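The block underneath contains the structure these notes are about, expressed in structure tokens.
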Number of protein chains: 2
Amino acid sequence: MQNTVPARRVEERMKHFQARASELGLAATHQRRIIYRVIAKSAEHPSPELIYERVKREIPTISLATVYKNIKTFAAMGLVGEVGALPGSIRVDANLDRHHHLVCVNCKAVVDFCDSRLDRVRAARANPENFRILRYQVEALGLCPACQVAPARNKVRTQRRKHNG
Amino acid sequence: MQNTVPARRVEERMKHFQARASELGLAATHQRRIIYRVIAKSAEHPSPELIYERVKREIPTISLATVYKNIKTFAAMGLVGEVGALPGSIRVDANLDRHHHLVCVNCKAVVDFCDSRLDRVRAARANPENFRILRYQVEALGLCPACQVAPARNKVRTQRRKHNG
DNA sequence: TGACAAACGATAATATTTATCGTTTAATAG
DNA sequence: CTATTAAACGATAAATATTATCGTTTGTCA
Ligand SMILES: [Mn+2]
Ligand SMILES: [Mn+2]
Ligand SMILES: [Zn+2]
Ligand SMILES: [Zn+2]
């Protein structure tokens, strides 16, 4: 249930990452490659904390600060997206294609939702506040299959644990 | 520029709040009335911190914990909404009518966006993940008028300040 | 008006994110 | 290939955001 992205797609993303990083003058350090790969391999929109946990398996000396710094750097450069639909920690997205999200209001699972009709969403009238609208983002809020049968308990944990014994 | 709701509307909301609170067996304390009124008077989707600042003007001894506890209580009972479009602190919404939001990606301003076409947003196909979709939520991300001319600096502050001299 | 559950205020604890700073390392010029 | 150096890293403190705990106060209802 790790919601893994196909290896072929992961390699495509790694190639794109290396190419764009090079163009942007972003040093391709070992840490950055591992951090990005962890993000690219996951379809679950992982939190910084979860990314940190997984990167630590490959680089036990990695610092949480390094993970945060690089998530922010990647996001600022458009190499990853930040999903901010729920309160709590941010969720990171390697999928740069136009898409929307299914969000479980119970366990906070976030799943990609590709749908042509959602892509075409636009307001009927110009907004009276005169915002310059850059893009529309749709969230379909509801319950994931697991939470439909057992809506009581919350499955996703984003929190750090002091003692992980 | 306080983005104030008309007094008539505020009084309607207060009436509704009192009625629903009574129905729900929620004690109508002085603190709760003031906290709710602060939320009801604002159209800017204030953060808990901002609500706390304003409530303090009327109840200088109010605790930040009381403000948080009551925001959560109100939200759990459906008396207010929580807007979670941006990272950082949550934003509280007294407007319970069906509506969407304009969000400034620069200063994080959140403005109500009522639009019939957005209300009718639905996916073209059933979602392959079999979520039970409860509602669709649309955010129009862009730049508010102020940030279109001066996109550099961030105007909204949600943060506490240690020294407020 | 008194009893009691609920709510409050103070504050500690936890969770999330960013800043600081000394050390290490990737990039590149020679 | 090595020296230089700006960038990145790791450790950790600090800032910010939210929740929990607990003793005191207050609203509710008999
Ligand atoms: Mn996604
Ligand atoms: Mn609103
Ligand atoms: Zn769920
Ligand atoms: Zn703005």
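As a basis for the values below, the full set of heavy atoms in this structure was taken, side chains included, without hydrogen atoms, waters or symmetry mates. Treat the numbers as computed from the prediction; the structure is a model and nothing was measured. Residue numbers begin at 1 in each chain, while the letters A, B, ... track the order of the sequences.
In this structure, A:R91 does not pair ionically with A:E44, as no charged nitrogen and carboxylate oxygen lie closer than 4.0 Å. Classification of A:E12 and A:R9 as a salt-bridged pair holds, one side-chain N sitting under 4.0 Å from a carboxylate O.
Remark: A:A76 pairs with no residue by the side chain to side chain contact (heavy atoms under 4.5 Å, CB included) rule, at least two apart or across chains.
Interface residues of residues 30-40 of chain B facing DNA chain C, ordered by number: B:Q31, B:R32; criterion, heavy-atom separation under 4.0 Å. Remark: nothing in residues 15-24 of chain B comes within less than 4.0 Å of DNA chain D through any heavy atom.
Between A:T61 and D:dC9 there is no side-chain polar atom (N or O) within less than 4.0 angstrom of OP1 or OP2. A sub-4.0 Å separation between OP1 or OP2 of C:dA7 and a side-chain N or O of B:T29 is absent.
Across all strands, A:A65 comes closer than 4.0 Å to base atoms (heavy-atom distances). Residue B:K72 is classed as a sugar-phosphate contact, given heavy-atom separations below 4.0 Å to backbone atoms only.
Hydrophobic cluster membership for A:V111: A:L102, A:F113, A:L118, A:V121, A:F131, A:I133, A:Y136, A:V138, B:L102, B:V111, B:F113, B:L118, B:V121, B:F131, B:I133, B:Y136, B:V138 (Ile, Leu, Val, Met, Phe, Trp, Tyr linked by side-chain heavy atoms under 4.5 Å, directly or transitively).
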Give me the distances for all protein-to-nucleotides 2-5 of chain D N/O pairs that come in under 3.5 Å?
none

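Closest to the B:S63 side chain, of the nucleotides D:dT19, D:dT28, C:dA10, is C:dA10. Among the nucleotides D:dT21, C:dA7, D:dT18, the one closest to any side-chain atom of B:L64 is D:dT18. Of all nucleotides listed (C:dT17, C:dA27, D:dG27), D:dG27 comes nearest to the side chain of B:A27.
Aromatic pair A:F74/A:F17: centroids less than 6.0 angstrom apart.
Annotation: salt bridge (Lys or Arg N to Asp or Glu O under 4.0 Å) contacts involving residues 117-137 of chain B, sequence neighbours excluded, comprise B:R98-B:D119.
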